[in-house]
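I have placed the structure first, in the form of structure tokens, so that the comments after it can refer back to it.
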Amino acid sequence: MDIYADIRALVAAEITRLGTAGQLPDALDLSGVQVQAPRDASQGDLATNAALALAKQARMKPRDLAEPLAEALTDHGDIESVDVAGPGFINLRLAEGAWRRCIPAVLDRGIAFGDGDIGAGEAVNVEYVSANPTGPLHVGHVRGAVFGDALAALLAKAGFTVTKEYVINDAGSQITALARSVHLRYREALGEAIGDIPEGLYPGDYLVPVGRAIAGSDGDKWLGVDEAEWLEPFRRRAVVEMMALVREDLATIGIVQDVYFSENQLHLDGRIDEVLAGLEARGLIYIGVLEPPKGKKPDDWEPRPQTLFKASEFGDDVDRPLKKSDGSYTYFAADIAYHFDKYKRGFKRQIDVWGADHGGYVKRMRAAVTAVSEGEADLDVRICQLVRLLRDGEPAKMSKRAGDFVTLRQLVDEVGRDVVRFIMLTRKNDAPLDFDLARVREQSKDNPVFYVQYAHARIRSVMRNAAETFPEVDLSPAGLADADLARLSDSAELDLVKQIARWPRTVEAAALAHEPHRIAFYLHDVAASFHGLWNRGNEDPSLRFIIGEDVVLTSARLALLEAARTVIASGLAILGVEPAEEMR
RNA sequence: GCGCCCGUAGCUCAGUCGGAUAGAGCACUUGAUUCCUAAUCAAGGGGUCGCAGGUUCGAGUCCUGCCGGGCGCACCA
């Protein structure tokens, strides 16, 4: 149940009814009508902008529209009072009982409370991480990984059918460099002194076991033979090994994707030719010469005829090359084929999660998706800005075992998986993020992970104690659902009830905006309400949760706490963070 | 030079498809422990929402221009 949606439906029904009855214009477009909580709670529980939103098309003054509507709403049982305020807002105060009804609903549904249906089962593809398979994941990958994973979970909760995908860039020249690096390590494993790793190859120690493994399985069969012979097998073997490494890394922060898609397969299957032929047939490809970039002309720039895609017809600034000067495909061409493949697999909604350094690539990719799907598919690209690693406010220094970067694993080893995931989601994706290794391990409210976890653990603790006080009472969610909730009458208690009631709407809004960080902020707010309620008991013992001589009151309060705990667990599940049972 | 993103309290940031008197944490001041971790809470002060125009009943939010910062900028992936 979503009380916001219920009241909006009620408002819409009344407008329609008044239209039919001739008191308001008929057949108004109600799409702009919203019901939301006013910023200032003294104005009421809920407010609707209906009169303001409809004034123009109804050709009426907002207040003239608001009056009859307010009058009509007064009759509804859940609505205690109605008044018209400001330019034409209709402020509603709901009966306390209407709010309290969400508590048994939460207890009944558990963490499924908040599951929505705005997705209506529609297929969405979320592609994230997609790091080049040339080594372990590093901190630069983590934010996108966590963001994409949480976004996928959020969309699933909102009722979309989500596929989580990783595209393996296993076709480019960096894989050739990787294969050569592995071959060096292979020779090393067979006893050769290889000296320093040459410039342009991958120096990281993580390739040592790969070379050793090949030496173990294949012996010396790749020694002293032409590169032409060993290169392809080494490329394949190296990619397999690196992807195993990547998946292990992802598993440490709880990420398992549904599809790992090989870009190389697109080349092998001739799918790039295919999609380009389609574009060519529609006149969207031509041979042309691009202008040099203004203000920053590369030294070796020369006019060069290339195969170009008319990206500028679909909103990009210039047309984009599909083939390199040697005639081979650009990465962009492969990416077009890849996104076309997703479209053919049924994804009209596609989301790509990229790092900040790919910002300049967004327009052309969106243009290409529009072109190949003939406007049927929509691609949203979410750019994750950089993460600055700090320690007590200073740039963090960590040993860099894997070449020249800090790995995901080092980060997880130091602060733990839940902290990594939560902190990465405490900022909008398009804002830079400071990750302070010292602060996130503090057990204080400076640390939002701790703060939310603590709220959950505290509620668990209350439940354990209540079970000792009332051993004969059924304190399970099902048992508490029958509690006499009319006993919840303190304003701080009702505030928490109202916050819990906002959960379904929070999920819906965050999913539509593709903004999982809103979940993290909501959870922080719920935790704050709970901690506040707790401390009310310090000031006034009659507001404590466990009242030894009053099992009915205690049950009502425990029902509220269990609902709050459930919503926190429900939100943490989206973020991929374990709810804590106790803090030690 | 061009494109994208960001600019909100001293600091770090929220801000609901445009809504009412712009919010939270930190820091500062003051206060609160018989429940169940004070690992928390309550109260107070603190703002030209970068600047200037525009759109409209209404703009932190949308549009245009400028200022400041980040990222990117033929054929790399």
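Everything numeric here is computed off the predicted structure, so don't read it as measured data.
- You'll find that the side chain of Q306(A) is closest to rA74(B), out of rU34(B), rC13(B), rA74(B).
- With a cut-off of 3.5 Å on both Watson-Crick or G-U wobble distances, the partner of rA24(B) is given as rU12(B).
- To the nearest angstrom, P of rA59(B) lies 13 Å from CG of L52(A).
- Residue-level contact check: V362(A) touches neither bases nor backbone, having no heavy atom under 4.0 Å from any strand.
- For rU12(B) and rU55(B), the C1' atoms lie 34 Å apart once the distance is rounded to whole Å.
- Side-chain atoms of Y522(A) come within 3.5 Å of backbone N or O of Q499(A) as a donor-acceptor pair.
- In this structure, D317(A) reaches the sugar-phosphate backbone alone: every heavy-atom distance under 4.0 Å involves primed, P, OP1 or OP2 atoms, never a base.
- One atom, CG of D430(A), and another, P of rC13(B), lie 13 Å apart when rounded to the nearest Å.
- Between H267(A) and Y329(A), the ring planes lie tilted relative to each other; the angle falls in the 30° to 60° range.
- Side-chain contact annotation: D326(A) with S328(A), donor-acceptor N/O pair under 3.5 Å present.
- Spacing between atom CG of D335(A) and atom P of rC76(B) amounts to 12 Å, rounded to whole angstrom units.
- The residue among R502(A) and A47(A) whose nearest nucleotide of RNA chain B lies closer to the 5′ end is R502(A).
- Salt bridge status for E493(A) with R557(A): present, with a side-chain N to carboxylate O gap under 4.0 Å.
- Taking atom P in both rC75(B) and rA22(B), one finds a spacing of 49 Å when rounded to whole Å.
- Projected onto RNA chain B by closest heavy-atom contact, Q174(A) and D357(A) fall at different nucleotides, the more 5' of which corresponds to D357(A).
- Looking at heavy-atom distances under 4.0 Å, S325(A) makes contact with a base.
- Distance, D540(A) CG to rA32(B) P: 17 Å, rounded to whole Å.
- If you check rA14(B), rC71(B), rA77(B) against the side chain of Y331(A), the one that comes closest is rA77(B).
- Taking a centre distance below 5.5 Å and an interplanar angle below 30 degrees as the stacking criterion, F89(A) does not stack against the six-membered base ring of rG19(B).
- For K363(A), whose side chain is taken as the heavy atoms from C-beta onward, the closest listed nucleotide among rC71(B), rC4(B), rU40(B) is rC4(B).
- For rG10(B) and rC57(B), the C1' atoms lie 37 Å apart once the distance is rounded to whole Å.
- For the residue pair Y338(A) / E165(A), a side-chain donor-acceptor distance below 3.5 Å is found, with atom types taken as modelled.
- Donor-acceptor pairing under 3.5 Å, judged by distance alone, is absent between the side chain of N49(A) and the base of rA20(B).
- Base pairing annotation: rC49(B) forms no Watson-Crick or G-U wobble pair, as no partner gives both donor-acceptor distances under 3.5 Å.
- Contact annotation for R518(A): backbone-only contact, meaning every heavy-atom pair under 4.0 Å involves sugar-phosphate atoms and none involves a base.
- The nucleotide whose nearest atom lies closest to any side-chain atom of N169(A) is, among rU40(B), rA77(B), rC71(B), rA77(B).
- Residue H517(A) is in sugar-phosphate contact alone, with no base atom involved, counting any heavy-atom pair closer than 4.0 Å across all strands shown.
- Neither OP1 nor OP2 of rG25(B) sits under 4.0 Å from any side-chain N or O of H531(A).
- Taking the side chain of R364(A) as heavy atoms from C-beta on, and the options rC35(B), rC6(B), rC75(B), the nearest nucleotide is rC75(B).
- Across the C1' atoms, rG65(B) and rC73(B) are found 23 Å apart, a figure rounded to whole Å.
- Between rC17(B) and Q34(A), a contact under 4.0 Å exists linking OP1 or OP2 to a side-chain N or O.
- To the nearest angstrom, C1' of rU34(B) lies 14 Å from CD of E549(A).
- Side-chain contact, H514(A) with N429(A): no donor N or O sits under 3.5 Å from an acceptor N or O.
- Aromatic pair H531(A)/Y451(A): ring centres closer than 6.0 Å.
- A donor-acceptor contact closer than 3.5 angstrom is absent between the side chains of T48(A) and R8(A).
- Searching all strands for a Watson-Crick or G-U wobble partner of rC2(B) with both distances below 3.5 Å returns rG72(B).
- Between the P atoms of rC6(B) and rC41(B), the separation comes to 31 Å (whole Å).
- Distance CG (D436(A)) to C1' (rU12(B)): 11 Å, rounded to an integer number of Å.
- Each of rC76(B), rG3(B), rC75(B) was ranked by its minimum atom distance to the side chain of P321(A); first place goes to rC75(B).
- In this structure, R366(A) atom CZ and rG3(B) atom P are separated by 17 Å, rounded to whole Å.
- Side chain of A85(A), nearest nucleotide from rA77(B), rA20(B), rC75(B): rA20(B).
- No hydrogens or angles considered: a donor-acceptor pair under 3.5 Å links the side chains of D540(A) and S542(A).
- L276(A) and A333(A) make their closest contact through CD1-CB, 4.4 Å (heavy atoms, listed as atom of the first residue, atom of the second, distance).
- Taking the side chain of Q36(A) as heavy atoms from C-beta on, and the options rU16(B), rC41(B), rC5(B), the nearest nucleotide is rU16(B).
- Comparing the C1' positions of rU29(B) and rC35(B) gives an interatomic distance of 30 Å, to the nearest angstrom.
- Spacing between rC63(B) and rG23(B) at atom P, rounded to whole Å, works out to 25 Å.
- Side-chain N/O atoms of Y451(A) include one lying less than 4.0 angstrom from OP1 or OP2 on rC41(B).
- Residue G359(A) is out of contact with every strand shown, counting any heavy-atom pair closer than 4.0 Å.
- In this structure, rA42(B) and rU30(B) make a Watson-Crick or G-U wobble pair, each of the two defining distances being under 3.5 angstrom.
- Donor-acceptor pairing under 3.5 Å, judged by distance alone, is absent between the side chain of R427(A) and the base of rC13(B).
- When distances run from any side-chain atom of E515(A) to the nucleotides rG15(B), rC71(B), rA32(B), the shortest one goes to rG15(B).
- OP1 and OP2 of rC13(B) both lie 4.0 Å or more from every side-chain N or O belonging to K428(A).
- Neither OP1 nor OP2 of rA74(B) sits under 4.0 Å from any side-chain N or O of K324(A).
- Contact annotation for A356(A): backbone-only contact, meaning every heavy-atom pair under 4.0 Å involves sugar-phosphate atoms and none involves a base.
- With a 3.5 Å ceiling on both atom-pair distances, the Watson-Crick or G-U wobble partner of rC57(B) is rG19(B).
- Comparing the C1' positions of rG70(B) and rA27(B) gives a spacing of 27 Å, expressed to the nearest Å.
- As rounded to whole Å, 13 Å separates atom P of rC73(B) from atom CD1 of I383(A).
- Pairing of rG7(B), defined by two Watson-Crick or G-U wobble distances under 3.5 Å, is identified with rC67(B).
- Among the nucleotides rA14(B), rA20(B), rC75(B), the one closest to the side chain of A431(A) is rA14(B).
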